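A short worksheet on the structure shown next.
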Amino acid sequence: MFSVSIEQGAPVIRGANPFSSKMVWLPAAALCALAMPFGWTGLFAPVIWLALVAIENARGWKKALSFVIAGLLMLVVNSGVIPGNDHIALLAPYSDDVGNQIYASFRPAKAVIALTLVLFMLMRPQPLKRADLPVMAIAIAVPVIAGAFLLGGSVKLTATIALAALINLAVVCIAEEGFFRWVLQRGLETGLSQWKMWKWIVAVAVAALFTTLHTGWAVSPALLALVGIAGLGYALVWTLRGSFWACVFTHWGVNLFHMTLLKYPF
């Protein structure tokens with residue numbers, strides 16, 4: 001079912017064959033169960049799954065169209081136009097001395113996207129390799145160190161923050177990296193693969209979009225600058241390493257240090 005090849009000196013595992021009928025429809029049927037906890041939002045899980053499968057199975061313009069459909073589905077689900085996407089809070093929020101809060105909560109839309117992606121990655125593994133770690137470490141360290149200078153320190157760890165960090169990994173980072181890296185950045189790179197230098201322009205463009213879509217959360221120029229630095233780091237991890245999980249854990253590493261060591265937000 002899987003093949004092993006050597007790329008840039010490291011083994012890469014990927015599906016050797018297109019998804020079989022059973023591999024397509026059984027997971028899609030199982031994902032329909034997400035409608036029970038998440039309502040109308042959950043019904044989009046099997047549709048997103050089928051779009052992700054289509055990316056891997058299709059060729060040429062059909063593959064390009066599959067990237068577009070998968071991206072649009074994720075955007076629509078996360079846009080808030082689907083009923084039942086209010087925050088689900090698991091604990092009371094943490095509040096600092098000046099009223100900034102960290103919430104142990106999530107939106108059903110991102111949970112649905114994340115669960116679909118996790119199932120997909122079980123079928124098409126993206127292994128985390130030793131060579132990924134130095135690139136990840138740099139991409140985490142740069143925005144965290146910059147944040148220490150721009151925002152200042154605020155060491156904190158409570159049950160709410162610990163749970164918020166786990167939710168951030170399992171829901172937010174997987175869902176966002178699934179859209180920005182696995183679909184958007186990979187799709188643009190695939191479409192422009194004949195022009196090698198375009199992958200660097202794609203990385204900058206996707207990082208700019210990532211920053212733009214976080215302007216509602218980044219409440220100051222300093223924090224927006226940090227979002228831009230972090231977003232560029234995530235994009236470059238993908239460009240240099242091509243690993244979904246390397247991007248996810250890089251994203252989480254930055255968010256984890258931000259939540260536990262820096263002022264949040266500023």
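Here the structure is a predicted model, which is why all the values come from computation and not from measurement.
- The main-chain N or O of Gly231 is never found under 3.5 Å from a side-chain atom of His214 such that the two would form a donor-acceptor pair.
- When hydrophobic clusters are built by joining Ile, Leu, Val, Met, Phe, Trp and Tyr residues whose side-chain heavy atoms come closer than 4.5 Å, directly or via intermediates, Val112 is grouped together with Val53.
- No chain of hydrophobic side-chain contacts below 4.5 Å, direct or via other Ile, Leu, Val, Met, Phe, Trp or Tyr residues, connects Ile113 to Val68.
- The line from NZ of Lys62 to CG of Asn57 is 11.5 Å long, rounded to the nearest 0.5 Å.
- For Asn78, the side chain to side chain donor-acceptor pair (under 3.5 Å) criterion is met by no residue, not counting sequence neighbours.
- Listed for the Lys110 side chain is no donor-acceptor partner under 3.5 Å among the backbone atoms of Glu176.
- Panel note: side chain Asp132, backbone Lys129; a donor-acceptor pair is recorded below 3.5 Å.
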Exercise. Does the salt bridge (charged side-chain N to carboxylate O under 4.0 Å, His left out) test come out yes or no for Glu56 and Arg186, once each step is laid out?
Worked result: CA-CA 12 Å; Glu56 307 307 312; Arg186 187 169 74 113; 2.8 Å; yes

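- Under the ring-ring contact (aromatic ring centres under 6.0 Å, His included) criterion, Phe180 pairs with Phe210, not counting sequence neighbours.
- Taken together through direct or relayed side-chain contacts under 4.5 Å among Ile, Leu, Val, Met, Phe, Trp and Tyr, Trp49 and Val118 form part of one hydrophobic cluster.
- When only modelled atom types and interatomic distance are considered, Thr239 and Gln185 share a side-chain donor-acceptor pair under 3.5 Å.
- No continuous path of ILVMFWY side-chain contacts below 4.5 Å connects Leu166 to Leu117, so the two sit in separate hydrophobic clusters.
- Taking the six-membered ring for Trp and thresholds of 30 and 60 degrees, Trp245 and Phe249 have ring planes inclined between 30 and 60 degrees apart.
- In this structure, Leu115 and Ile174 have side chains that are not in contact, with every pair of non-hydrogen atoms separated by 4.5 Å or more.
- Note on Leu43: it does not cluster hydrophobically with Met36, by side-chain heavy-atom contacts below 4.5 Å among ILVMFWY residues.
- Checking Glu189 against Trp238 by side-chain atom types alone, a donor-acceptor pair falls below 3.5 Å.
- Under the 3.5 Å distance criterion, the side-chain polar atoms of Lys63 are left unmatched by any main-chain donor or acceptor of Trp61.
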